[in-house]
Every structure is written in C-alpha cells, then in structure tokens.
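Note that this is a predicted model, so its numbers are computed, not measured.
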Amino acid sequence: MSKILAIDIGTASVSATVAEKNNEGKFFVSDFWRLPYESSNVQNASRILFKNLKQIFKEASKFHLGTTKVVVGFAYPLCLEKTMNGEFQRENQNFSVTEQELENTVQILKNKNNIEDSRAISHDILETKINGYEVKNPLGHNGEVLDIKVNFLEISSILKNHLEELKDKFFPSSEFKCFSDSSILKKAILRFFNPKKEFAVLDIGGEVSVFENFVFPFGIRHIEKKIGSVLNRFSFGHLDYPYERNTNKILKSHADYFSGFLKEHKYNTIFLTGGGANFPVFFDALNGDSIVVKKLEARDFEKFFLKINPLSGGEDAVLAALISLN
C-alpha cells in the first residue's frame, strides 16, 4: 500500500489524515488529527500552529512508515495565489523546448513575483504558447518565442521554511505538494463531478470566502465574531427562537450580499463547503432561478474510500480532495 499524509492548514485549526491506498485504488483512513489554535493573536497563533504541525509530522512518521506523499492545503488568508505571464525569446529556435528551459522560465517569473515576507511554495503552469500558438505541452516543440502563464501559490517565508524543514526531517524521500484549499476543491469538482456550466467553490468554514480574485467577509469564523457563542448553539439545533431569528438575520445579510455578486458574474452552480455549510439560511439566500447551490462534503468522495469516517463533514472536504487527487 502507498500512504499519503494530507494536511489542511485552516485559520482556526490544522486537520490532517494518513490514508493508505490499496491495490484496487481505494483509500483507507488510518489516522486523523484536528488540532485547534487561536488565530486572533498572531504571535501566539504562529507558535501554536508550528507546534501542531510538528506534532502531526512527528506522530505520522512514528506510526506510518512508508508514507510516499505529503500534500498540504492552505486556507485564505494563510496563502495567496498570483498568476503571471511571461514572453521569452529563445536562444535557438531550431532546438526543441526542454524541461530545463521550461523550469528556467518559471524561475524567472518566480523571482519577479517574490515580495517581502512571502514566497512561492508551488506553481501550476496554466498555459503555454510557441510563436503565438497554444500548445498543451511545449516540450518537444521548437520556435522563436515561448509564452507562459503560471499560477503561483505563496505563503509566508516563515511558514514555508517551517513546513519544508519538517518534511525534510520526517519524510525526506517523500513527494511534497502544496495547494490552496479553493484550488484543490476546484480541481476535484472538475475531475470528479463533471460540472456542465460555470461554477464557484465557496469554503465558508474560515474567516472569509475566496474565489477568482475576489475576497468576501463570508466565513463562519468572521460571522462567529459577530454572534459569539450563539452560533455554536445554532449549529447543534438548540437555539431559542429569539436568538435563532437574530442569528438568521446576520447570516442572511451576508448571504444576500454574496448572492448579488454571484448573479452579476453569471455563475450557474455554487458548491458550498466548510463548517456551517449546512445552514439552511445560506441555501435559501443563494438558491434562485439562475443559481443552484450544492453542498460539497467529504462523504461526496466516498467512492474513493473503503471507509471515509472520520472524514465526514464539510470541513474535511479539502482533506478528501487532497487524498483523492493524489
């Protein structure tokens, strides 16, 4: 069996799992962690976050020998995605593009992209052209001009260094991949759910919701700060009617704001995920004649698992996607 250590670094907790893949291509979840930290105090949050990450890597390496991949997802605002374009005059147009040449062009863009206290930890090549003509893979093609579009995933330099040190210490020979939560969910939907029309993925379990180039104050953690402990009682269905009515007003005001934006941008389907994605008021506000709202939870990936528990809730959809795509 091959083993994957999947980690989702959120704004209030770090979730992780070890999944083993059998000969039939299905995964078995053999371990699971959810370690909270308080993100409001930045300095203290970093200390606890790094402690939690070290605990996960240490325990995973101790009890799960043979781990071949480490995959990490980051919630916003712990990560930032930037897309950059570059046009490069090739030294010899008669020779085919090589892997080294492609890596060099990506590195040039990466060096231009780096800003203080932030570093690219991974990238995706979105588009390549030779002499203005789009090619799926430029390797083996020759020509005078190479155009490239690359999406970079950036995190803080301190977090990047800490993660790479942990990986090198505990899993030195394992493959290492990083994604934003939104990008891995979008990749999973495109591959496994075959959407017919334009869609958006809204992970509302954190501080904000992010997709494309837009950031919205539409996250459970953000709303939680407005209504405090009331939301916790509401999520378990034990809220008195007056409190429920006031809570619904707050939730609906956020959903209405977001609904207006979505209609302007002509999305047909919204995949809602993260803790709190099951609140009916969100569906009532976002659903409409032109928009269909669907929940995206870990159980939607159950065909890839022998047994998906404890990956059961919407907040673990990222872990399920990280495992299924790798």
K.L.:
Heavy atoms only: give me the nearest N142-Q93 pair and the separation to one decimal.
P.N.:
CB-O, 3.1 Å
K.L.:
Between D147 and T128, is there a donor-acceptor pair closer than 3.5 Å when you use the side chain of the first and the backbone of the second?
P.N.:
no
K.L.:
Is there a chain of hydrophobic side chains (I, L, V, M, F, W, Y, each step under 4.5 Å between heavy atoms) that links F88 to F95?
P.N.:
no
K.L.:
Are E165 and K169 close enough for a salt bridge, meaning some N to O gap below 4.0 Å?
P.N.:
no
K.L.:
Rounded to the nearest 0.5 Å, what's the gap from CG on L190 to NZ on K187? Could you check?
P.N.:
9.0 Å
K.L.:
Looking at K167 and S174, would you say the former's side chain and the latter's main chain have a donor-acceptor pair under 3.5 Å?
P.N.:
yes
K.L.:
Would you say the side chain of V29 lies within less than 4.5 Å of the side chain of F305, judging by non-hydrogen atoms?
P.N.:
yes
K.L.:
Under 4.5 Å between any side-chain heavy atoms of L5 and I56, yes or no?
P.N.:
yes
K.L.:
Would you say L109 ends up clustered with V145 if hydrophobic residues are merged whenever their side chains have heavy atoms under 4.5 Å apart, either directly or through other cluster members?
P.N.:
no
K.L.:
Hey, could you give me the CG/NE2 distance between L153 and H123, rounded to the nearest 0.5 Å?
P.N.:
11.5 Å
K.L.:
Working to the nearest 0.5 Å, report the span between CZ of F176 and CD of E164.
P.N.:
6.0 Å
K.L.:
Please walk me through it: do L146 and I130 pass side-chain contact (heavy atoms from CB on, under 4.5 Å)?
P.N.:
CA-CA 5 Å; L146 171 63; I130 300 291; 3.7 Å; yes
K.L.:
Under 3.5 Å, side chain of K3 to main-chain N/O of L65, donor-acceptor pair present?
P.N.:
yes
K.L.:
Just to verify, which of E81, K186, E154 counts as forming a side chain to side chain donor-acceptor pair (under 3.5 Å) with S180?
P.N.:
E81
K.L.:
Could you tell me if the side chain of F179 sits less than 4.5 Å from the side chain of C79, heavy atoms only?
P.N.:
no
K.L.:
Would you say I9 and I155 make side-chain contact, with heavy atoms under 4.5 Å?
P.N.:
no
K.L.:
Sub-3.5 Å donor-acceptor pair from the side chain of R119 to the main-chain atoms of N161, do we have one?
P.N.:
no
K.L.:
Kindly say whether S15 contributes a backbone atom to a donor-acceptor pair with the side chain of D8 at under 3.5 angstrom?
P.N.:
no
K.L.:
Considering only NZ, NE, NH1 and NH2 on the basic side and carboxylate oxygens on the acidic side, decide whether R34 and D316 come within less than 4.0 Å.
P.N.:
yes
K.L.:
Short question: side chain of S96, backbone of G140 - any donor-acceptor pair under 3.5 Å?
P.N.:
yes
K.L.:
For the backbone of L126 and the side chain of D124, can you confirm whether one donor and one acceptor N or O come within less than 3.5 Å of each other?
P.N.:
no
K.L.:
Ignoring hydrogens and geometry, is there a side-chain-to-backbone donor-acceptor pair from T68 to S2 under 3.5 Å?
P.N.:
no
K.L.:
Could you go through the side-chain contact (heavy atoms from CB on, under 4.5 Å) check for M84 and V150 one step at a time?
P.N.:
CA-CA 5 Å; M84 297 190 69; V150 183; 5.6 Å; no
K.L.:
Classify the ring geometry of F193 against F271: parallel below 30°, tilted from 30° to 60°, perpendicular beyond 60°.
P.N.:
tilted
K.L.:
Nearest 0.5 angstrom please: I121 CD1 to K177 NZ, how far?
P.N.:
14.0 Å
K.L.:
How far apart are the C-alpha atoms of L325 and V71, what are their side-chain angles, what is the distance that settles it, and do they pass the side-chain contact (heavy atoms from CB on, under 4.5 Å) test?
P.N.:
CA-CA 10 Å; L325 285 167; V71 290; over 6 Å; no
K.L.:
Over 60° means perpendicular and under 30° means parallel, so classify the ring planes of W33 and H64, tilted if in between.
P.N.:
perpendicular
K.L.:
Look at the side chain of D181 and the backbone N and O of F74, then say whether any donor-acceptor pair between them is shorter than 3.5 Å.
P.N.:
yes
K.L.:
Just by distance, do the side chain of T105 and the backbone of L102 share a donor-acceptor pair under 3.5 Å?
P.N.:
yes
K.L.:
Looking at V106 and F152, what are the two nearest heavy atoms and their distance?
P.N.:
O-CZ, 3.8 Å
K.L.:
Salt-bridged, E24 to K26, with N to O below 4.0 Å?
P.N.:
no
K.L.:
For the pair F50 and L159, evaluate side-chain contact (heavy atoms from CB on, under 4.5 Å) and give the outcome as yes or no after the intermediate values.
P.N.:
CA-CA 8 Å; F50 290 176; L159 179 56; 3.7 Å; yes
K.L.:
Should the pair F301 and F192 be assigned to parallel (<30°), tilted (30 to 60°) or perpendicular (>60°) ring geometry?
P.N.:
perpendicular
